[in-house]
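Treat the numbers as computed from the prediction; the structure is a model and nothing was measured. Just the heavy atoms: all of them, side chains too, but no hydrogens, waters or symmetry mates, feed the values below. Read the numbers this way: they start at 1 and go in the same order the structure lists the ligands and their atoms.
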Amino acid sequence: MDMQNLLDDIVGTIKPHLGQGEVAGYIPELGAVGADHFGISVATREGEVFASGDSEMAFSIQSISKVFALALVLADDGDRIWKRVFREPSGNPFNSLVQLEHEDGIPRNPFINAGALVVTDRLLSISENPSTAVRDLLRQESGNDSLVVDAVVADSEARHSNRNKSLAHFLASCGNLDNPVDDVLDAYISQCSLAMSCTDLALASRFLASNGMRGDGTALLSPPQTKRINAVMLTCGTYDAAGEFAYRVGLPGKSGVGGGIIAVVPNNCTVCVWSPGLGRSGNSVAGMAALDEFTTRTGLSIF
Ligand code: GLU
């Protein structure tokens with residue numbers, strides 16, 4: 001079966017899952033998105049795109065941004081971040097406070113909220129244009145110069161961010177933030193509120209399937225750094241469902257509470273799916289089903 005037919009077919013087979021799960025309501029503006037959307041895009045290393053469903057509709061990338069922030073920090077600052085963030089699966093909700101206190105303010109991994117706040121803090125310290133660094137990388141790699149922060153979503157999250165504020169203040173109390181809490185939260189919220197389509201995200205993620213090479217042929221990351229980001233995505237990218245994701249999908253992946261998930265087939269292609277209904281761990285129900293279908297039918301998994 002060719003790729004386009006496969007994606008069209010997946011759009012049909014996941015229909016029973018549409019509307020399953022809950023649209024994220026703790027950021028009210030995300031809760032306003034219709035639950036019945038589904039999109040899927042595949043981008044090859046060479047930049048060829050196959051897409052189906054709502055693949056061109058922009059959605060809030062939320063925690064998928066954490067991968068790109070980490071890539072920028074590793075690219076500019078090497079391994080230093082690993083003194084401030086572990087890289088073990090958390091087995092806990094993405095916004096858990098309990099584990100952080102038990103572990104003296106060192107977050108379990110860079111993809112839970114506490115870990116991403118530390119990565120964002122480091123990006124603020126080292127980047128020349130910290131407020132636009134993640135957006136600029138995503139624009140360059142997707143080729144979409146018009147992608148922007150959705151100010152309404154950002155405002156909605158900012159007004160409902162007591163939990164992330166708690167995490168940030170606790171990190172600061174442990175000496176694990178260098179910048180003011182409010183600056184870190186603003187940068188974190190704005191990168192989470194970038195609006196992108198499945199096709200944008202599949203294209204922007206290609207460096208993860210290309211040994212760290214950017215679309216223009218320059219290196220963002222070395223091959224070993226790329227291997228390591230993919231490893232952390234596999235073990236920690238879908239929160240306390242990372243085991244289930246590995247079992248069903250068998251690829252490095254990163255989800256966001258906007259309902260998007262990116263997955264990487266190393267040295268081959270990237271896949272982005274989007275559907276807003278989330279399961280208990282905060283991952284898109286239909287998105288996970290679609291990726292399961294994709295890897296099961298193509299055999300494109302790392303296992
Ligand atoms: N902005 C969201 C938060 O901080 C991101 C969570 C997610 O996408 O998993 O709660």
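Between Glu157 and ligand 1, a contact under 3.5 Å exists for at least one N or O pair. Any N or O atom pair closer than 3.5 Å counts here, and Gly256 shares no such pair with ligand 1.
By the 30° and 60° cut-offs, the orientation of the rings of Trp274 relative to His37 is parallel.
Taking a 6.0 Å sphere around OH of Tyr26, one finds it holds more than 12 heavy atoms contributed by other residues, nucleotides or ligands. Applying the 6.0 Å contact sphere to CZ of Arg280 captures no more than 12 heavy atoms from other residues, nucleotides or ligands. Environment of CD in Glu22: sparse, with no more than 12 heavy atoms of neighbouring residues, nucleotides or ligands closer than 6.0 Å.
Heavy-atom proximity to Tyr239, at under 4.0 Å, picks out these atoms of ligand 1: 7 (C), 8 (O), 9 (O). Those atoms of ligand 1 with a heavy atom of Cys192 less than 4.0 angstrom away are 1 (N). Proximity to Ser63 (heavy-atom distance under 4.0 Å) selects the following atoms of ligand 1: 5 (C), 6 (C), 7 (C), 8 (O), 9 (O).
Heavy atoms of Ile64 found under 4.0 angstrom from ligand 1: none, in either backbone or side chain. Counting heavy atoms under 4.0 Å from ligand 1, residue Asn113 touches it through the side chain alone.
Each of Phe94 and Met233 belongs to its own hydrophobic cluster when Ile, Leu, Val, Met, Phe, Trp and Tyr are linked at side-chain heavy-atom distances under 4.5 angstrom. The cluster map of Ile, Leu, Val, Met, Phe, Trp and Tyr, joined by side-chain heavy atoms under 4.5 Å apart, puts Val271 and Ile261 in the same cluster.
Closest protein heavy atom to atom 4 (O) of ligand 1: Tyr188 OH, 2.6 Å. The nearest heavy-atom contact from the protein to atom 10 (O) of ligand 1 is Tyr26 OH, 2.6 Å. For atom 2 (C) of ligand 1, the closest non-hydrogen atom on the protein side is Gln62 OE1, 3.0 Å.
In this structure, Asp121 pairs ionically with Arg84, as a charged nitrogen and a carboxylate oxygen lie closer than 4.0 Å.
Ligand 1 lies nowhere less than 4.0 angstrom from a heavy atom belonging to Asn95.
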Notebook entry, point to check: Would Gln4 and Asp8 count as a side chain to side chain donor-acceptor pair (under 3.5 Å) if you check the C-alpha gap in whole Å, the side-chain angles of each, and the deciding distance to 0.1 Å?
Noted result: CA-CA 6 Å; Gln4 187 59 52; Asp8 292 341; 3.1 Å; yes
